[in-house]
Amino acid sequence: MSKPNKRRYRLSEVKQQFTDAVGGETVEFETDAGDVLTFPHPLFTDEEWDQKVDGAETAHDKAVAILGDEQYEKYRAAGHADGDIALLMMAVQQDMQGQVKKRPTR
């Protein structure tokens, strides 16, 4: 059964529209020490990253899973608490919801 409007989505175009809407496939943030750290945008993570983050049981484990060991050390050296990364993830989520309000179209 075909759709009444006969619209067909091209996955590469849909992904590009969402990438543009949220500002890229990577989230950048700056620590209080001035270091710029990154992690994959939640819309564009791979299965391995998802499993590490979802399997983390503590705020510490989740922060390390999100940032990786090297960036986590910079994050902590700047004086940030493990739980602060949850606030950052919430901000990314809210921003994403504000940017992606409707279905992408051709």
Side-chain angles (χ1 to χ4, degrees):
M1 185 166 162
S2 65
K3 294 172 67 173
N5 64 5
K6 298 198 185 249
R7 180 172 295 163
R8 180 178 291 164
Y9 294 96
R10 179 165 288 160
L11 288 178
S12 60
E13 292 175 6
V14 170
K15 182 177 179 183
Q16 187 60 52
Q17 289 173 349
F18 276 98
T19 302
D20 294 344
V22 299
E25 294 186 27
T26 303
V27 174
E28 280 189 2
F29 69 100
E30 186 174 335
T31 68
D32 290 345
D35 294 313
V36 176
L37 306 179
T38 63
F39 58 88
H41 192 287
L43 280 177
F44 307 109
T45 58
D46 60 27
E47 187 175 347
E48 180 182 349
W49 192 88
D50 290 342
Q51 288 176 348
K52 285 180 185 176
V53 173
D54 292 344
E57 294 185 15
T58 66
H60 168 79
D61 293 342
K62 192 163 290 269
V64 172
I66 291 169
L67 298 174
D69 292 327
E70 184 179 318
Q71 289 193 122
Y72 175 77
E73 293 303 321
K74 290 180 183 179
Y75 176 80
R76 290 295 291 165
H80 299 287
D82 290 332
D84 291 346
I85 201 75
L87 298 175
L88 178 59
M89 293 298 281
M90 287 175 55
V92 169
Q93 181 75 21
Q94 287 177 346
D95 186 47
M96 180 174 50
Q97 289 174 348
Q99 298 298 320
V100 183
K101 291 183 181 181
K102 56 186 171 182
R103 292 189 324 192
T105 59
R106 285 187 93 167

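What you are looking at is a predicted structure, and each value in this text was computed from that prediction instead of being measured.
- Scored by the side-chain contact (heavy atoms from CB on, under 4.5 Å) test, D69 finds V64 as partners (sequence neighbours excluded).
- Annotation: side chain of L67 is not in contact with side chain of E73 (no heavy-atom distance under 4.5 Å).
- Applying the salt bridge (Lys or Arg N to Asp or Glu O under 4.0 Å) rule to pairs touching residues 59-68 yields nothing, sequence neighbours excluded.
- With sequence neighbours left out, the side-chain contact (heavy atoms from CB on, under 4.5 Å) criterion links A91 to no other residue.
- Checking side-chain atoms of R10 against main-chain N and O of V14 turns up no donor-acceptor pair under 3.5 Å.
- E47 meets the side chain to side chain donor-acceptor pair (under 3.5 Å) test with Q51; sequence neighbours excluded.
- Scanning for side chain to side chain donor-acceptor pair (under 3.5 Å) contacts around E28 gives an empty result, with sequence neighbours left out.
- The salt bridge (Lys or Arg N to Asp or Glu O under 4.0 Å) pairs that include a residue from residues 32-42 number zero, where partners must be two or more places apart or lie in different chains.
- Listed by first then second residue, pairs satisfying salt bridge (Lys or Arg N to Asp or Glu O under 4.0 Å) with a partner in residues 14-27 read K15-E25, not counting sequence neighbours.
- V53 and M89 fall within a single hydrophobic cluster, where Ile, Leu, Val, Met, Phe, Trp and Tyr are joined by side-chain heavy atoms under 4.5 Å apart, directly or via other members.
- The CZ atom of F39 lies 4.5 Å from the CG atom of L88; values are rounded to the nearest 0.5 Å.
- Residues W49 and F29 share a single hydrophobic cluster, defined by chaining ILVMFWY side chains whose heavy atoms lie under 4.5 Å apart.
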Practice task
Run the numbers on Y72 and D82 for side chain to side chain contact (heavy atoms under 4.5 Å, CB included), then give the verdict.
Solution key: CA-CA 9 Å; Y72 175 77; D82 290 332; 2.5 Å; yes
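- Not a single side-chain contact (heavy atoms from CB on, under 4.5 Å) links E57 to another residue, sequence neighbours left out.
- Taken from CD in Q17 to OH in Y9, the straight-line distance is 9.0 Å, to the nearest 0.5 Å.
- Atoms NE2 and CG, from H41 and D95 in turn, are 7.0 Å apart once rounded to the nearest 0.5 Å.
- Side chain of Y75 to main chain of A63: no donor-acceptor pair is present (N/O by atom type, distance under 3.5 Å, no hydrogens or angles).
- Annotation for L11: hydrophobic cluster partners, listed by chain and number, are none (ILVMFWY side-chain heavy atoms under 4.5 Å, direct or chained).
- Hydrophobic side-chain contacts under 4.5 Å tie M90 to no other Ile, Leu, Val, Met, Phe, Trp or Tyr residue.
- A search for salt bridge (charged side-chain N to carboxylate O under 4.0 Å, His left out) contacts involving K74 returns nothing, not counting sequence neighbours.
- Residues that satisfy the side chain to side chain donor-acceptor pair (under 3.5 Å) test with T45, not counting sequence neighbours, are D50.
- Going from atom CZ of R76 over to atom CD1 of I85 covers 11.5 Å, rounded to the nearest 0.5 Å.
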